[in-house]
Amino acid sequence: QVQLVESGGGLVQAGASLRLSCATSGRTFSSLNMGWFRQAPGKEREFVAFIDNSGGIRFYAASVKDRFTISRDNAKNTVYLQMNSLRPEDTAVYYCAADGYYSANYYPQYWGQGTQVTVSS
C-alpha cells in the first residue's frame, strides 16, 4: 500500500504561483513513478504531469506545459508541482498519484485525497 497526502492548495489570483506537495509513505519512494491529475467541477479527472522514479523522464499535459513543473525529492519522499502563471481554468482539485507509467491510458493505482486550487480572475 502507498499513502499519499497532498498539501499546498489555496485561493490565488490569476498570474500567481503555487507549489503543491505530495508526501508519500508505505513503499520505497524511489521505486515509484508519480503523477499529478486534476478534476474541475463537472468535468472528468485529467492528467497534468508525470515523473518517473529517477526524475529523469517527465511528461505534461499540453494545457500546462511551460507553466507547471513536476519534480521530486527522493530523500524527502515527496513529489512537487510548481504552478506558475495560474489561470482561472486551472481551478480544480489536484490529486497526487503513484505507480504505473505514463501512457494514453495512464491511471495510477494509488491516489491521494486531493487539494483544492482556486484561481480568481
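All values below come from the heavy atoms of this structure, side chains included, with hydrogens, waters and symmetry mates left out.
Separating the CD atom in Glu6 from the SG atom in Cys22 is a distance of 5.0 Å, to the nearest 0.5 Å. In this structure, the separation between OG1 on Thr115 and CG on Leu81 is 11.0 Å, given to the nearest 0.5 Å. Rounding to the nearest 0.5 angstrom, the gap separating the OG atom in Ser7 from the CG atom in Leu20 is 8.0 Å. Rounding to the nearest 0.5 Å places OG of Ser71 at 6.0 Å from CZ of Arg58.
Inter-residue side-chain proximity for Phe68 and Gln82 is flagged as unmet; no heavy-atom pair is nearer than 4.5 Å. Side-chain atoms of Tyr60 and Thr69, non-hydrogen and from C-beta on, do get closer than 4.5 Å to each other. Side-chain contact between Leu4 and Met34 is present, with at least one heavy-atom pair separated by less than 4.5 Å. Under the 4.5 Å side-chain criterion, counting only non-hydrogen atoms from C-beta, Ile51 is not in contact with Trp36. Side-chain contact between Val79 and Cys96 is present, with heavy atoms from C-beta onward closer than 4.5 Å. Contact check for Arg27 versus Gln1: no side-chain heavy atoms found under the 4.5 Å cut-off. No side-chain heavy atom of Tyr102 sits under 4.5 Å from any side-chain heavy atom of Ile57. A heavy-atom distance below 4.5 Å is found between the side chains of Tyr80 and Thr78.
A centroid separation of 6.0 Å or more is found between the aromatic rings of Phe59 and Phe47.
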Could you give me the CA-CA distance, side-chain angles and deciding distance for Thr91 and Val117, then say whether side chain to side chain contact (heavy atoms under 4.5 Å, CB included) is met?
CA-CA 5 Å; Thr91 295; Val117 172; 5.9 Å; no

When you look at Thr118 and Val12, which way does the side chain to side chain contact (heavy atoms under 4.5 Å, CB included) test go after all the steps?
CA-CA 6 Å; Thr118 303; Val12 297; over 6 Å; no

I would like to know whether Phe29 and Arg72 meet side chain to side chain contact (heavy atoms under 4.5 Å, CB included); could you show each step before the answer?
CA-CA 10 Å; Phe29 181 68; Arg72 65 190 295 154; 3.3 Å; yes

Let me see the working for Arg67 and Met83 under side chain to side chain contact (heavy atoms under 4.5 Å, CB included), right down to the final yes or no.
CA-CA 6 Å; Arg67 298 188 299 123; Met83 305 185 294; over 6 Å; no

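Remark: of the listed residues Tyr106, Tyr94, Phe50, Tyr107, Tyr106 is the sole one forming a ring pair (Phe, Tyr, Trp, His ring centres under 6.0 Å) with Phe37. When each of Asp99, Thr28, Leu32 is checked for a side-chain contact (heavy atoms from CB on, under 4.5 Å) with Val2, only Leu32 meets the rule.
Taking both residues in full, the closest heavy atoms of Pro88 and Ser121 are given as CG-CB, 3.8 Å, listed atom of the first, atom of the second, then distance.
Note on Trp111 and Tyr101: same hydrophobic cluster, where clusters join Ile, Leu, Val, Met, Phe, Trp and Tyr whose side-chain heavy atoms are under 4.5 Å apart, directly or indirectly. In the hydrophobic cluster analysis, where Ile, Leu, Val, Met, Phe, Trp and Tyr join through side-chain heavy atoms closer than 4.5 angstrom, Val64 is grouped together with Val119.
Salt bridge status for Asp90 with Arg38: present, with a side-chain N to carboxylate O gap under 4.0 Å.
Looking at Ser103 and Asn105, their side chains never bring a donor and an acceptor atom within 3.5 Å of each other. Side-chain contact annotation: Ser17 with Asn84, donor-acceptor N/O pair under 3.5 Å present.
Formation of a donor-acceptor pair under 3.5 Å by the Asn33 side chain with backbone atoms of Asn53 is found in this model.
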